[in-house]
Structures are given as C-alpha cells and as structure tokens.
Amino acid sequence: MAVKRMDNVGIVVDDLDETIDFFRELGLELEGRTMVEGEWAGRITGLGDQQVEIAMMRTPDGHSRLELSRFISPDIIADHRDAPVNALGYLRVMFAVDDIDDTLERLAKRGARLEGELVQYKDAYRLCYIRGPGGLLIGLAQELG
C-alpha cells in the first residue's frame, strides 16, 4: 500500500487567531501552534527563506486535521478566497455536523454567511456552503435519518 492516511489539509489564512476561534466554534481542537522559519522549510515549499506561523486543528474524532498557515514572509502572491465553487484547484473543506441549524447559528456570530442556500438532498442530507473567516469556503453536511 502506498498511502497510509491523509495527514492534513493546509489552508493559508490572513488572521490566524480569528480562524482558530472560528474552527474551535465549529468543534475542532487546537493541537498546537508554532513558527516554522528558515531556509530548510523553504526547500520543501520552494519559497526559499520563509517565516510561517502554523496552527494544527484536529477534528473531534481525531482522524482529520487542518493546518492553518499565516505567512509572514514571503508575501502572499495570490488570493483565491472569492473564487466560485467551480474554480479549478483545492477549494473547500466539508465537515459533517450533528445539527446544521445550530452550527450555522453559532458560526454566524463569528461572521459566517451562506454562500448559496441550505438544501436537503433526498432523505439523506442537509447541505450548505458557507464563507468563513477571510472568505474561506466551508461545506457543512448533516446526515438525516
């Protein structure tokens, strides 16, 4: 077997504190926070000498993680936060939630807004996309039945 597991999904953010608080409200736990800097890290990313503050967030089941990164240097060169859901590339993260109405209400207090509508797919799911901190696109799904 070539792949053992998916370790994490990385998201570059402009406000690390706000984004940590948002994902905590969603139910993720902060595993740790650190600064990654220097030429060695830049050899991995191809960015050269870099300075990045990173926070690792873990889902309640312990199986999935988000790596939130705030680049101090080099400067951000592209911004995909306003890209529509049919844009090429990695676009959103989907979370399964127990109560989508409660989740939307809690996250709205942290600035989340619906991207489209909250819809029901057959008798299986209630689904929606929201824009979170800094315009991040996040999917929410509540399994029915």
Side-chain angles (χ1 to χ4, degrees), residues 1-37 41-47 50-145:
M1 180 185 319
V3 174
K4 294 170 65 174
R5 69 180 178 271
M6 186 182 79
D7 199 46
N8 68 64
V9 173
I11 301 174
V12 176
V13 302
D14 59 355
D15 188 326
L16 195 57
D17 292 325
E18 176 186 33
T19 309
I20 289 169
D21 289 344
F22 181 88
F23 283 110
R24 276 187 169 150
E25 186 68 41
L26 184 57
L28 278 69
E29 179 182 329
L30 178 63
E31 256 187 4
R33 190 170 175 166
T34 190
M35 189 68 71
V36 176
E37 53 192 329
R43 289 197 333 256
I44 298 167
T45 62
L47 295 176
Q50 68 182 33
Q51 186 178 23
V52 184
E53 187 177 11
I54 293 174
M56 191 66 73
M57 307 289 297
R58 182 181 61 237
T59 57
D61 65 2
H63 295 295
S64 301
R65 289 174 176 75
L66 288 181
E67 180 181 295
L68 306 174
S69 301
R70 183 180 68 87
F71 276 79
I72 299 163
S73 67
D75 291 336
I76 302 297
I77 62 163
D79 189 342
H80 304 284
R81 292 176 293 184
D82 292 324
V85 297
N86 62 342
L88 293 174
Y90 297 101
L91 190 63
R92 63 131 176 97
V93 178
M94 176 72 75
F95 292 98
V97 298
D98 290 329
D99 182 337
I100 202 165
D101 295 310
D102 176 66
T103 303
L104 288 170
E105 185 179 316
R106 288 185 296 107
L107 295 179
K109 294 175 185 172
R110 298 207 174 267
R113 58 180 169 73
L114 278 173
E115 180 68 9
E117 298 177 37
L118 173 61
V119 300
Q120 184 164 324
Y121 174 72
K122 300 185 179 182
D123 291 330
Y125 290 97
R126 294 180 73 213
L127 304 154
C128 69
Y129 286 167
I130 60 172
R131 290 285 176 175
L136 295 175
L137 187 62
I138 300 162
L140 301 175
Q142 177 185 344
E143 193 170 5
L144 302 174

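- By the side chain to side chain contact (heavy atoms under 4.5 Å, CB included) test, Ser64 pairs with Thr59, sequence neighbours left out.
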(request) In sequence, state the C-alpha distance, the side-chain angles, and the governing distance for Val97 and Leu26, and then conclude on side chain to side chain contact (heavy atoms under 4.5 Å, CB included). (result) CA-CA 9 Å; Val97 298; Leu26 184 57; 4.3 Å; yes
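- Here the side chain of Glu105 pairs no donor or acceptor atom with the backbone of Leu107 at under 3.5 angstrom.
- With values rounded to the nearest 0.5 angstrom, Ile130 atom CD1 is found 4.0 Å from Phe22 atom CZ.
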(message) side chain to side chain contact (heavy atoms under 4.5 Å, CB included) for Glu37 and Ile72? Distances and angles first, verdict last.
(response) CA-CA 10 Å; Glu37 53 192 329; Ile72 299 163; over 6 Å; no
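- With rounding to the nearest 0.5 Å, the separation of OG in Ser69 from CE in Met56 is 8.0 Å.
- Note on residues 123-143: pairs passing side chain to side chain donor-acceptor pair (under 3.5 Å), not counting sequence neighbours, are Arg92-Tyr129, Asp101-Arg126, Glu115-Arg131.
- Atom CG of residue Leu28 and atom CZ of residue Phe95 lie 5.0 Å apart, to the nearest 0.5 angstrom.
- The CD1 atom of Ile138 sits 4.0 Å away from the CZ atom of Phe23 when rounded to the nearest 0.5 Å.
- More than 12 heavy atoms of other residues, nucleotides or ligands lie within 6.0 Å of CG in Asp61, so this atom counts as buried by the packing criterion.
- Considering only heavy atoms from C-beta on, Leu144 comes within 4.5 Å of Gln120 through its side chain.
- To the nearest 0.5 Å, the span separating CG on Leu104 from CG on Asp99 amounts to 9.0 Å.
- Partners of Arg33 by side chain to side chain contact (heavy atoms under 4.5 Å, CB included), not counting sequence neighbours, listed by chain and number: Leu16, Asp17, Ile20, Glu53, Ala55.
- Checking each of Met57, Arg110, Glu29 against Arg24 for a side-chain contact (heavy atoms from CB on, under 4.5 Å) leaves exactly one that passes, namely Met57.
- The side chain to side chain donor-acceptor pair (under 3.5 Å) check on Asp102 picks up Arg106, with sequence neighbours excluded.
- In this structure, the salt bridge (Lys or Arg N to Asp or Glu O under 4.0 Å) partners of Arg81, at least two apart in sequence or on a different chain, are Asp14, Asp79.
- Here the straight-line distance linking atom CG of Asn8 with atom CG of Leu66 works out to 8.0 Å at 0.5 Å rounding.
- For the side chain to side chain donor-acceptor pair (under 3.5 Å) test, no residue two or more places apart in sequence or in another chain qualifies with Glu18.
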